[in-house]
Amino acid sequence: MRLLALSSQRFIQSHPGQWLMALIGMAAGVAVMSGVWLMQQALLGSLELATAQLVGQSTVRVQPTAARLPESIYRDLAIQPGSPELYPLVEVNVRVASPDSDVTTPMRVLGIDPLSGIGERHALAGTAIAGTLIGSSDAVVINANTAKQLGASVDDTLVVEQASRRIALDIIAIVETSPGLDGRLIMDISTAQTLFGWVGYLSAIEAPLSAKAWLDNQPANGWVVETSAERRASAADLSRGMRTNLLAMSLLALAVGLLVVYAVLSFLLVQRRKTLALMRAIGVTQAQVVMGLGAEVMGLALLGGGLGLIAGTELANALLTLVSAPYAAIYQVTPASVVTPTWGLYLSLWAMALVMALVTLASVFKEAFQVPPGQLARDHSGPSGPPTPWARWAVLPAVAGILILLSATDLTIALAGLFLVLAPLSIWLPKLGFWGLAHLRHHLGDGLIKRAWLMLLSARHRLMPAVSALSLALALSAGIGMMVLGFRGAVGDWVERLLQAEVYLTINNEPITQEIENFVVQTPGIEAVSSVRRARTSSGFDVLSYQLPPQAWAGFEWLSVAPSLGSPQAIPAAFESGQGVLITEPLASKQNLSAGEEIVVITPKGPETFEILAVFRDYASEQGAVAIDDGLYLSLWEDPLKDSLGLYFDSDDIEATLGEIKEGLGSKESITLTTRQSIKDQTLNVFDQTFQISWALAWLVGLIASIALISALLAIGIERAREYATLRALGLSPKQLSRLVIAQTLGMAVMAALLALPLSLVIHTVLSAIIQPLAFGWHIEWRLPLMPWAVTGLIALGIGLIAGLYPAWAIQKTPAARLLRSL
Amino acid sequence: MKKTLIFLLGVLALIIGWLHLETRTQTPSPSGWSLSTLLGDAPEGFERVTAPVPFNFPADHAAHLGFRNEWWYFTGRLDAPDRELGFQFTLFRFGANPPGDDSQATPAEASSAWASDHLWMAHLALSDGGTATTPPRFYQAERFARDTLDLAGATEQKWWLKDWQVVATDTGWRLDAQTDEFELSLDLVPTRPITLQGDQGFSQKGPEVGNASFYYSLTRMQATGQVVLHTPKAERLSVEGLAWLDREWGSGQLSDTQSGWDWFAIHLDDGRDLMVYRLRNLDDSMSSFSAGVLVEPDGTTHHLDHSDFVVAPLQWWTDSMGVAWPTHWRVTLTEHDLSLITRPLFEEQRWRQSVAYWEGAIDVFDAKRSRTDGENASTQVGRGYLELSGYAGRETPRRRASQKRPTQGE
């Protein structure tokens, strides 16, 4: 064994570059996988981490059924005999302006009563902080991570933007807390209420878990109770689609990373065949050879995995920064700025990487096992590359994958189906590619290009994993790109159609009263007004109270209509008469409902059953919503307030009418008037931000694939050194030789790109037609944007060029004589 | 070979070390709330106690919002069929801003109700002396609120913080308060007239003008009602006994040279009620502003100044946090022929909430009919309550002295 170990060491020392490549491949794969995994945990935990820091773990939350909780509810509960400790909260999403640029960072105001929960373990340890918070009208406390993120220190002024307001806050303290309070601006509840238009209202009330039974026994009017477990589950459910997509992509990244390891190690094995055969001849057993190689792989996986975990942690933090703004916009939750890994999580990821490395290299071990004693010649036809039986049997998983995809009702199963389809494709396509190359060689004449071509073909078994990796990565990038662009187009069209009013009126974080609505309706120049009010229910979806003038109905795209109505034209009358409700497509998908059926909605007056008049297209929320006529809503919720008004004008001078409205509501500085175009822009902006992370991951996968290709080509360069030397000796100039090498890498990259085209179509189609509907509940019209293909082609050329430069340089640099001698 | 292995193990160790640093979590530290900003020197603008003023009842039962601090302080000893108990219910008010001070005020058009000028704190404790089969147990709970949304306040008829409340009845007061662990419902009927402490209710606590409070007491109230225990097992106990009420208000009444106080409220079996407090100077000597009162059964009062009594600790008890508390005492009033030894109902009656102090039920023995050491005193002549403040090390002397009940027991 000692002999084997010494041989290993000598071999590793003489091929540091290739081992480094394998190490980087391993680390990169693990990094992407663990990065996405850790980021997901941070996203999921962000809901309750903040409150856990202030009021303790395991809480229940009194949530309003409408947008806000009147603070009188807090009083009514707090003065009941036996009332548990209750913690009032005001939470407002804001953006913090950077002092030196136009960049704003999304953060969340946490208005608390520092006097509540004093006996608990409290993040605001120290009395001075709490006392000053209570006494001040603009004091804010942030944690160290937030301070670092903002580059702020104590006594600095933070400028916070909320809708059109700009509010200056004074940082009175920076506290050390766990990342749960990252991105939180902690202030006294009175400050939050006054500055952000929440006077008289709370966002929620937190209470210890032990208070649940007591709260359940109180007559709930306008509120529901949720435990932190339920909140976590609903948050997990809410963002499940997004997270599963990311996870799937991270697993693909790991697969690509493992292909790199496979490519490198199988080459290294070939180079050691002679040594291994010698050892076998002097008595080293087959098992010892495999154990020796196993130890090498374990060492590689341990080190590479460990480095990958480090890089993954940093990657997760970077991804969190990227995702926090859209996540805050979509899910109303500001995630922590850094992840909070645990040893359990690290060890699981590490172990997973080890097992996958061993499994991936099973065929390499098998090959080593079969090295006969005393075989001194190199076996050029050595196995490596995906063994042929695999290719034949791979048809089974591919068929199974297609069947699964066609019948899947669950996102995870559908993704498994996609993997099953992609895996055999990534084996077959390179074979197909090389088969094509082999047929092309007859048309190439006898020049340098043909020489390069033939050399590529002779190394095809070893090049296949690298080509697979690159094709897969390019296909993934292109496929995701096509899906995202197609989706973006669909969302753009949907917003365009939905927004029928010219201008939308909102009041910053405050509901619109009946008085304001009446004033707007009566303003000369206003033809009609639509309104929306969103109410939260404990049914798992929101209720939208709609008041819609005839013009607004054109904004709906009906996906199905109740048979009793016959045609879409009958929907408005039936809706306005309270005959039934409308539901969004995601709700219909998730609850398996269709028009004509009934849905139960939990209202403040108890559960009510409604007929579903129609299902309409909606990309606004994944959990879906029920639209109810405002008259019906008022009778059940007794809530006359509105969240926004849509204004339809009958005069041409819109500006004058708006001026009149502004003047009439003059004391309400917080009124915001937004045009249709501006809402569309904002929506698409959030959309683009949401998919930034997908792009980032696609790039990472591409990067890992480039490593695969470069390492494979390097290995070829080394393996072909004798041929290169012969070519040099025969008179080929170093420059010509370099061209030959670069022609090879470019050819490979172009081949990978061509192979990626059909693969990307498969990915795009599956993502758009199967994964999206399962993940989010909505369908996307299939479109074929060609831009991603063009970009993919360019990237492939770039990779091919870069991958060829180093081997070409290395060959040029080495004198031909040495190359010949070293053989 | 070895070198390579060592190098690789070193790299692995570095990786593990880095990962370990990442997994460290920040645990919030215990709050250790002391409300120093609210309890320090009273800012200008608060009313000061500088001379006696006539009291006016029931108006003076309500809050005096012009002053910085105020409290309603009930203590009492109760008897259940199988055990002895003690209780404490205290309502504190702290003025955050002087009346009429609008410097921190927010614009009136949209000001939050939570932007309050007064903060309220309530302490509720039950000392269960235990039975033949169950050990003694100290229950304690603390609550805070602002005087907003009717969450806390004090009128002539009602003193409350959330659901803990004392309501005036035809004969006295009714106290109702409950926690997860126990409930207290007591009818409290005064059997003696109101005692004005100090000089007609003007109680000087320090050398400077304003180092004083207005202070009155109801020294003996008949208490009847129920105690419900939820833990360790559910029990409903009918109880009766005697209670004591102290009412006090002022602004910045303590001197910087005082470090704490020891306060005794004793119901003697002969019908007399005794209250003495020893204010401690920074060197632990007795302040000359220490005082007390002895109330005869007919309501006659004998005011005591620092030279009329001696209190001396006999025995100390060290809590689990290492703080030593003098829980056994000798109290001597030579002129009134009283030599008493006090002993706690049980030692563990230390407050572990945001304010660190010891307040508990005590038994009182006649020292002249006992041996000198308190432990063996055998002739019980009364019961009462003892409060010890300023012994927990984490507070500065100034803070300790002003932390709570600055005058009561000082």
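A note on names: the letters A, B, ... follow the listed sequences, proteins ahead of strands, and every chain is numbered from 1. Note that the coordinates shown come from a computational prediction; the quantities given were computed from them, not determined experimentally.
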What pair of heavy atoms forms the shortest contact from S190(A) to S112(B), and how long is it?
-> CA-OG, 3.4 Å
Whatever's closer than 4.5 Å to a heavy atom in chain B on D138(A) counts as neither
Give a yes or no on this: more than 12 heavy atoms of other residues, nucleotides or ligands lie within 6.0 Å of atom CH2 of W37(A).
-> no
Check whether I16(B) gets within reach of chain A through its side chain, its backbone, both or neither, counting any heavy atom under 4.5 Å.
-> both
Specify which of S72(A), G306(A), P81(A) makes the most heavy-atom pairs with chain B at under 4.5 Å.
-> P81(A)
Min side-chain heavy-atom separation Q178(B)-S83(A) under 4.5 Å = no
Given V11(B), L161(B), L149(B), the one with more heavy-atom pairs under 4.5 angstrom with chain A than any other is L149(B)
Can you check whether L303(A) reaches L8(B) side chain to side chain, under 4.5 Å on heavy atoms?
-> yes
What part of W350(A) is in contact with chain B, defined as an atom under 4.5 angstrom from a non-hydrogen atom: side chain, backbone, both or neither?
-> side chain
Engaged part of L307(A) at the chain B interface, taking heavy atoms whose separation is under 4.5 Å = both
State, yes or no, whether a side-chain contact exists between E142(B) and E85(A) at a heavy-atom distance under 4.5 Å.
-> no
Using the test salt bridge (charged side-chain N to carboxylate O under 4.0 Å, His left out), find all partners of E71(A) that sit at least two apart in sequence or belong to another chain.
-> none
With side chains defined as the heavy atoms from C-beta onward, is the minimum distance between T313(A) and E22(B) less than 4.5 Å?
-> yes
Within 6.0 Å of NZ in K148(A), more than 12 heavy atoms from elsewhere | no
Residue selection (most heavy-atom pairs with chain A, distance under 4.5 Å) from R143(B), Q165(B), R146(B) | R146(B)
Going from OG1 on T342(A) to CG on L19(B), what distance comes out if it is rounded to the nearest 0.5 angstrom?
-> 11.0 Å
Sub-4.5 Å side-chain heavy-atom contact between I15(B) and L309(A) = no
Any V199(A) side-chain heavy atom under 4.5 Å of W114(B) side chain | no
